[in-house]
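Along the sequence shown, the residues carry numbers beginning at 1.
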Amino acid sequence: MPAPVTEEQSRLDRHALLDAAERLFYARGIQAVGMDEVRAASGLPLKRIYRLFATKEDLVVAMLRNRDQRWRGNLAAYVEGTADPRERVLAIFDWLARWFAEPDFRGCAWTNAFGELGTSSEPVLAEVRSHKRAFHDQIAAWVRPTGIPSAEPVHLLAEGAIVTAAITGDPAPARHARTAVATLLEAAAPEPG
């Protein structure tokens with residue numbers, strides 16, 4: 001009889017599985033990737049995978065949650081390294097431009113998941129909505145001190161830049177959105193004296 005799996009081993013297996021699933025699902029799509037491919041990429045037996053996540057849908061939701069924490073955490077670390085509130089908002093688009101220029105950039109993982117499963121999977125749809133709400137709230141917190149009356153234009157420019165960059169394969173939408181946000185910031189600036 002094999003030794004029981006320790007809590008630490010479960011954590012490591014879960015981490016390896018989520019990383020492998022994210023790489024595969026993001027690169028090729030959720031429906032295009034079978035669980036045998038996830039098994040091979042993670043190095044875990046299918047039996048172990050299904051002990052960690054009872055269904056592929058459960059794995060997708062956990063992968064999206066995991067990616068959300070890392071993705072928004074990386075964005076926050078970059079943006080919050082800027083002290084000036086207006087420059088902080090512009091830094092969102094500088095970070096997006098860097099992300100868009102990565103060789104494996106395939107757009108928004110949550111938009112992609114919604115496109116594949118959003119109408120057929122309530123748990124995936126809920127996770128996509130949760131991420132989009134959290135991203136909006138994150139942007140709103142950075143916009144609030146700038147004088148822009150609403151975070152909506154900044155959020156929509158960020159979302160639009162992500163989709164456009166994914167479709168065109170060009171990081172330029174981040175620069176264009178940044179220019180539009182700079183105009184909003186100038187318009188919201190208090191009158192001198």
Side-chain angles (χ1 to χ4, degrees), residues 1-81 92 95-96 98-142 155 158-159 161-163 165-167 169 171:
M1 174 178 245
V5 178
T6 65
E7 195 173 306
E8 176 64 9
Q9 188 59 54
S10 284
R11 189 188 66 73
L12 293 171
D13 288 353
R14 189 176 196 282
H15 182 74
L17 178 57
L18 289 173
D19 282 353
E22 182 178 346
R23 271 192 319 277
L24 290 168
F25 294 158
Y26 186 68
R28 297 192 19 236
I30 296 163
Q31 294 176 332
V33 174
M35 290 305 287
D36 278 336
E37 291 175 272
V38 174
R39 176 197 50 76
S42 69
L44 298 172
L46 277 177
K47 197 173 196 180
R48 180 77 181 123
I49 290 171
Y50 285 114
R51 278 196 190 121
L52 292 167
F53 299 101
T55 66
K56 184 178 181 181
E57 181 181 60
D58 292 340
L59 176 59
V60 170
V61 169
M63 178 275 298
L64 290 171
R65 275 189 196 137
N66 192 57
R67 184 176 176 100
D68 172 72
Q69 290 174 352
R70 188 182 62 254
W71 190 87
R72 288 187 317 101
N74 290 343
L75 173 61
Y78 184 86
V79 169
E80 290 171 5
I92 297 166
W95 185 85
L96 289 175
R98 289 177 179 206
W99 178 43
F100 298 168
E102 291 176 4
D104 64 346
F105 174 71
R106 276 200 64 247
C108 175
W110 298 271
T111 301
N112 296 347
F114 175 78
E116 286 194 69
L117 304 172
T119 58
S120 63
S121 170
E122 277 298 320
V124 170
L125 177 59
E127 195 57 39
V128 168
R129 287 180 173 162
S130 174
H131 165 76
K132 293 300 182 184
R133 201 170 24 258
F135 181 46
H136 174 276
D137 293 348
Q138 192 172 28
I139 288 174
W142 293 323
H155 178 249
E159 290 286 357
I162 294 167
V163 171
I167 292 169

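The CZ atom of F114 sits 10.5 Å away from atom NZ of K132, with the distance rounded to the nearest 0.5 Å.
Every pair passing salt bridge (Lys or Arg N to Asp or Glu O under 4.0 Å) that includes a residue from residues 44-64 is listed here, sequence neighbours excluded: D13-R48.
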Show me the donor-acceptor pairs, under 3.5 Å and distance only, between side chains in residues 134-142 and residues at least two apart or in other chains.
{"residue": "H136", "atom": "NE2", "partner": "E152", "partner atom": "OE2", "Å": "2.6"}
{"residue": "Q138", "atom": "NE2", "partner": "R72", "partner atom": "O", "Å": "3.1"}
{"residue": "W142", "atom": "NE1", "partner": "E80", "partner atom": "OE2", "Å": "3.2"}

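With contacts defined as side-chain heavy-atom distances shorter than 4.5 Å, the pair L18/R65 does not qualify. Side-chain atoms of I162 and W99, non-hydrogen and from C-beta on, do get closer than 4.5 Å to each other. Contact check for L59 versus T55: no side-chain heavy atoms found under the 4.5 Å cut-off. Under the 4.5 Å side-chain criterion, counting only non-hydrogen atoms from C-beta, R14 is in contact with F53. The shortest distance between side-chain heavy atoms of D104 and R23 does not fall below 4.5 Å.
Not counting sequence neighbours, the partners of D36 by the salt bridge (Lys or Arg N to Asp or Glu O under 4.0 Å) test are R39. Scored by the ring pair (Phe, Tyr, Trp, His ring centres under 6.0 Å) test, F100 finds F105 as partners (sequence neighbours excluded). Residues satisfying the salt bridge (Lys or Arg N to Asp or Glu O under 4.0 Å) test with E122, not counting sequence neighbours, are none. Contacts of Y50 classified as ring pair (Phe, Tyr, Trp, His ring centres under 6.0 Å), with partners at least two apart in sequence or in another chain: none.
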**Request:** For the pair Q31 and L117, evaluate side-chain contact (heavy atoms from CB on, under 4.5 Å) and give the outcome as yes or no after the intermediate values.
**Result:** CA-CA 9 Å; Q31 294 176 332; L117 304 172; 3.4 Å; yes
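The heavy-atom pair separating L24 from V33 by the smallest distance is O-CG2, 3.6 Å. Heavy atoms only, all atoms of each residue included: V128 and A113 are closest at CG2-CB, 4.4 Å. Heavy-atom minimum distance, A166 versus G107: CB-CA, 3.4 Å. Looking at every heavy atom in both residues, N74 comes nearest to W95 through O-NE1, 3.7 Å. Taking all atoms of both residues into account, the shortest heavy-atom contact from L64 to W110 is O-NE1, 3.5 Å.
Ion pair R70/E22 flagged as a salt bridge, since at least one NZ, NE, NH1 or NH2 atom sits closer than 4.0 Å to an Asp/Glu carboxylate oxygen.
A donor-acceptor pair under 3.5 Å is formed between the side chain of N112 and the backbone N or O of C108. Side chain of E116 to backbone of I30: a donor-acceptor contact under 3.5 angstrom is found. Of the possible donor and acceptor atoms, one in the side chain of Y26 sits under 3.5 Å from a partner among the backbone N and O of R106. A side-chain donor-acceptor contact under 3.5 Å links E37 to the backbone of G34. Counting only distance, with no hydrogens or angles, the side chain of S42 and the backbone of V38 share a donor-acceptor pair below 3.5 Å.
The 12-atom threshold is not exceeded at CD of E7, counting heavy atoms of other residues, nucleotides or ligands nearer than 6.0 Å.
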